[in-house]
Number of protein chains: 2
Amino acid sequence: MNLKQLSELLGLSQTTVSRALNGYPEVNEATRERVLQAVKETGYRPNKAAQRLATGKAGSIGLVMPTAPGHQSDVHFGEFLAGLGEEAVRHDFHFVIMPADPDDEVAALRRLAISGNVDALFVAYMRGHDPRLAMLKSLSMPYVVHGRSFGSEPDYPYLDIDNEGAFYDATRLLLQLGHTRFALMNGPMHLDFAIRRKNGVISALAERGLALDEGCMSHALMTDEQGLLAMEHFLQLPERPTAILCSSTVLALGAIRAVNQAGLRLGEDISLIAHDDVLPLLKPESFSVPLTTTRSSLRAAGVRIAQRLIGTVKQAGPFPDQELWKTELIVRASTGPVPQA
Amino acid sequence: MNLKQLSELLGLSQTTVSRALNGYPEVNEATRERVLQAVKETGYRPNKAAQRLATGKAGSIGLVMPTAPGHQSDVHFGEFLAGLGEEAVRHDFHFVIMPADPDDEVAALRRLAISGNVDALFVAYMRGHDPRLAMLKSLSMPYVVHGRSFGSEPDYPYLDIDNEGAFYDATRLLLQLGHTRFALMNGPMHLDFAIRRKNGVISALAERGLALDEGCMSHALMTDEQGLLAMEHFLQLPERPTAILCSSTVLALGAIRAVNQAGLRLGEDISLIAHDDVLPLLKPESFSVPLTTTRSSLRAAGVRIAQRLIGTVKQAGPFPDQELWKTELIVRASTGPVPQA
DNA sequence: TACATAATTGAAAGCGCTTTGGATGCCACT
DNA sequence: AGTGGCATCCAAAGCGCTTTCAATTATGTA
């Protein structure tokens with residue numbers, strides 16, 4: 001069933017039926033009723049590809065999903081998607097997801113953009129000096145970046161959390177508790193949030209005349225194994241750190257396993273603060289020793305970005321171009337005063 | 001840059017350029033080279049919407065993502081998606097994800113199908129007597145179901161794991177260890193896998209003349225909280241079960257927390273077997289007491305389903321319509337002989 | 001040399017929708 | 001009666017691609 005058939009059925013022109021369907025004013029209310037009725041009976045749905053071709057819009061947000069054989073799936077990605085979806089469903093938008101090798105993201109994003117399949121783009125996993133920014137700017141398609149790109153002029157639409165502030169505050173808390181030996185368990189070095197979090201730690205330490213030793217910094221994928229490995233490494237250092245900052249509760253999961261295996265007590269021998277993306281699976285309060293965290297909901301960010309993206313496509317009012325969300329610092333049992341030596 | 005412009009640039013007809021691009025044989029090799037060269041230089045990409053409209057194919061797989069405010073995101077979904085993506089990226093396919101309220105899945109699936117945006121459908125979260133099957137059959141669009149629908153004629157293309165066999169085997173193992181008081185911590189009652197797993201347990205018990213008490217069965221969303229609650233309930237029963245079967249490592253996570261909180265020892269006071277979807281975040285061997293599991297990789301299932309779907313769309317050879325994967329039973333430390341009373 | 005055959009290329013007709021630029025009829029108003 | 005304005009409706013022209021059908025040229029054969 002297509003427009004033509006439907007209009008023949010009704011004895012109307014395609015024009016009128018189309019207008020009736022799309023809420024144009026120049027169609028008789030009685031006629032519109034008749035059309036709507038027929039739609040219900042026949043179950044007619046406009047062909048989106050045709051609509052897209054004719055209008056240039058198709059109610060969809062495009063995004064690139066990094067994937068590859070052996071590339072571990074990322075809970076953060078799923079959680080963010082849930083947020084996007086929650087908002088999208090309200091506006092009858094859908095997503096077009098282009099899976100791409102992590103090394104091929106720029107090209108994949110470009111393919112997606114010029115495929116004509118999407119109205120707007122969402123971009124994540126930002127890096128320092130991210131090459132995608134220049135490409136996006138040249139595209140004349142709305143987009144919102146999740147995160148920022150360290151080293152690039154912040155003149156693009158983004159939503160980010162204050163990573164530097166979060167880790168600055170967390171470090172200050174640990175300093176106040178008397179800790180002096182710190183370690184940072186971070187995400188991959190090239191990612192923007194990792195850079196900023198590191199800076200936050202470093203500047204808080206610097207205020208006390210402390211520095212973060214190279215050996216007390218790990219950059220790795222945010223998996224629990226990597227957390228385990230990194231922590232094992234830290235624990236073997238001659239000057240074992242007593243305060244750990246951790247970029248994700250996923251990393252913390254492994255890190256804590258290492259602490260337990262070493263027979264140490266979290267919150268006493270070792271204090272740890274992790275960043276909490278509010279993943280349903282990893283509630284900091286559910287850890288055997290509840291975790292002190294810097295918190296910001298990834299899902300809420302997804303909802304907000306979807307709002308902005310969809311709003312822009314629908315030309316529904318202006319949105320702020322840049323948003324920086326503060327994180328909360330929530331103290332639980334994984335942090336305590338520095339142990340007396 | 002579109003086909004018309006490109007062909008004018010080359011002094012060729014759109015026909016020839018189109019054929020050159022799509023690998024048709026009736027075009028001079030020299031001409032093809034010239035076209036390919038021009039594509040490289042101009043960065044031309046065909047408009048997918050137009051391609052779709054003209055051919056009816058667009059290289060995309062559609063799926064419905066259940067979501068709603070407050071609806072917790074599902075790690076299983078993300079992991080499966082990673083599998084789909086891994087295969088899709090090899091064939092330059094993408095996904096169209098339609099977010100939908102969990103109560104609205106049938107309608108959402110239909111909308112997706114007739115939107116003309118997708119070539120094939122993937123369907124998951126199957127229920128007993130699933131109403132989507134009839135709809136899918138009427139659709140004349142390829143689809144593959146992940147799971148099955150208990151109570152419906154199995155005459156549709158599916159990939160499922162042997163849920164009944166898995167839980168039958170797991171139960172047998174526990175029986176051999178002398179356990180007689182069982183509890184089953186299951187997924188939502190209406191879901192197909194939950195039905196079959198329950199049946200597996202019941203039939204293994206029946207062979208020994210045992211039955212599964214109503215109070216020893218929980219049906220809930222597969223979250224760690226629910227696991228905690230269910231286990232707390234089980235532990236308060238007058239005849240406390242000693243053997244627990246658990247539909248997911250996510251549930252097990254909470255369940256084990258409850259066991260620990262009750263001061264009981266896993267693998268001694270309580271034996272537990274969980275089904276392991278091979279989620280990167282929840283490795284059974286990484287639990288403080290490594291988990292005995294029935295194992296089947298969700299991601300591998302995703303890869304396989306994408307293969308079948310894409311293969312069908314591309315008309316690349318016949319695929320088996322029905323696949324039933326056996327699970328592995330892997331014994332670790334969370335199971336032990338029944339404690340002597 | 002003449003003619004069948006194969007190799008290349010093009011013109012034009014869609015795919016299903018939106019939208020521009022009229023038509024048409026009806027009314028009030030002068 | 002003549003005119004302008006309004007409410008409705010429609011024919012047809014795209015959107016950018018594929019594909020059918022036909023034309024043209026090159027090649028081979030008798």
Side-chain angles (χ1 to χ4, degrees), chain A residues 1-36 38-39 42-60 92 111 113-119 141 313-314, chain B residues 1-36 38-39 42-60 92 111 113-119 140-141 313-315:
Chain A
M1 170 65 62
N2 56 23
L3 226 213
K4 190 167 171 205
Q5 291 166 9
L6 182 66
S7 59
E8 277 166 5
L9 188 85
L10 283 160
L12 288 168
S13 74
Q14 299 190 37
T15 312
T16 305
V17 177
S18 169
R19 283 186 176 138
L21 258 33
N22 295 310
Y24 281 66
E26 64 266 63
V27 37
N28 192 312
E29 266 317 307
T31 314
R32 192 193 303 274
E33 279 310 315
R34 220 155 59 81
V35 171
L36 260 29
V39 166
T42 58
Y44 164 81
R45 293 279 154 184
N47 179 310
K48 289 278 183 188
Q51 250 173 348
R52 158 108 220 150
L53 189 56
T55 61
K57 309 242 156 274
S60 64
D92 199 24
R111 280 205 306 276
I114 43 192
S115 74
N117 260 329
V118 300
D119 300 325
M141 170 175 291
V313 170
K314 288 192 168 177
Chain B
M1 171 63 63
N2 57 25
L3 225 212
K4 191 169 169 207
Q5 293 167 6
L6 182 66
S7 59
E8 277 167 4
L9 187 86
L10 283 160
L12 288 169
S13 73
Q14 298 189 37
T15 313
T16 304
V17 177
S18 169
R19 287 208 266 246
L21 258 33
N22 294 309
Y24 281 66
E26 64 268 61
V27 37
N28 192 311
E29 267 316 309
T31 313
R32 191 190 305 273
E33 279 310 316
R34 220 154 59 81
V35 171
L36 260 28
V39 166
T42 60
Y44 165 79
R45 294 279 154 185
N47 179 310
K48 289 276 180 187
Q51 248 172 352
R52 157 110 222 149
L53 188 56
T55 61
K57 310 241 155 277
S60 65
D92 199 24
R111 282 205 305 278
I114 43 190
S115 75
N117 260 329
V118 300
D119 301 324
S140 78
M141 171 176 292
V313 170
K314 288 192 169 178
Q315 322 243 27

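Computed from heavy atoms alone, side chains included, the values below leave out hydrogens, waters and symmetry copies. Below, read A as the first sequence line, B as the second, and so on, with proteins coming before strands; counting in each chain starts at 1.
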Distance in Å, B:T55 OG1 paired with B:K48 NZ, rounded so as to fall on 0.5 Å steps: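 Reported to 0.5 Å precision, the distance equals 9.0 Å.
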Inter-residue atom distance A:D92.CG - B:R111.CZ, 0.5 Å rounding: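 So the CG of A:D92 and the CZ of B:R111 are separated by 5.5 Å.
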Validation row: B:N2, B:N47 side chains within 4.5 angstrom (heavy atoms):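 The answer is no; the side chains never approach within 4.5 Å.
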Test item: A:T42 and A:Q5 side chains (from C-beta on) under 4.5 Å apart, heavy atoms: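 Answer no - side chains too far apart.
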Write down the protein N/O and nucleotide N/O pairs, taken from nucleotides 4-6 of chain C, whose separation is under 3.5 Å; answer none if there are no such pairs.
none

Considering all heavy atoms of both residues, which atom of [X] and which atom of [Y] are nearest to each other, and what is their separation?
X	Y	result
A:G116	B:A49	O-CB, 4.1 Å
B:M1	B:L6	SD-N, 3.8 Å
A:A113	A:M141	O-CE, 3.5 Å

For A:E8, all residues meeting side-chain contact (heavy atoms from CB on, under 4.5 Å), sequence neighbours excluded: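 Only A:K4 meet the side-chain contact (heavy atoms from CB on, under 4.5 Å) criterion with A:E8.
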Listed partners of B:S13 passing side-chain contact (heavy atoms from CB on, under 4.5 Å), at least two apart: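 Listed in chain order: B:T15, B:T16.
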Degree of bending in the helix from C:dT1-D:dA30 to C:dT30-D:dA1 once both end axes are built from five pairs, to 10°: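 One end's axis against the other's: 60°.
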Of A:V313, A:V118, A:N117, the residue whose pairing with A:S60 passes side chain to side chain contact (heavy atoms under 4.5 Å, CB included):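 It is A:V118, the one option of A:V313, A:V118, A:N117 that forms the side chain to side chain contact (heavy atoms under 4.5 Å, CB included) with A:S60.
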side-chain hydrogen bond (donor to acceptor under 3.5 Å, both in side chains) partners for A:D119, two or more places apart: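 With neighbours one apart ignored, the set is A:R52.
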side-chain hydrogen bond (donor to acceptor under 3.5 Å, both in side chains) involving B:R32 - partner list, sequence neighbours excluded: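 In terms of side-chain hydrogen bond (donor to acceptor under 3.5 Å, both in side chains), with neighbours along the sequence ignored, B:R32 is linked to B:E29.
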Which ones in [range] lie close to DNA chain C, meaning a heavy atom under 4.0 Å from one of its atoms?
range	result
residues 47-57 of chain A	A:N47, A:A50, A:Q51, A:A54, A:T55
residues 7-15 of chain B	B:G11, B:L12, B:S13, B:T15
residues 20-33 of chain A	A:N22, A:Y24

Could you go over nucleotides 24-27 of chain C and give all protein N or O partners under 3.5 Å, atom names and distances?
none

Side chain to side chain contact (heavy atoms under 4.5 Å, CB included) evaluation trace for B:Y44 with B:L3: CA-CA 8 Å; B:Y44 165 79; B:L3 225 212; 3.8 Å; yes
N/O donor-acceptor pairs under 3.5 Å from side chains in residues 20-28 of chain A, not counting sequence neighbours:
residue	atom	partner	partner atom	Å
A:N22	ND2	A:S18	O	3.0
A:N22	ND2	A:S18	OG	3.4
A:N28	OD1	A:A30	N	2.8

First-last contacting nucleotides on DNA chain D - partner chain A, under 4.0 angstrom, heavy atom: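 Contacts span D:dT8 to D:dG16, reading 5' to 3'.
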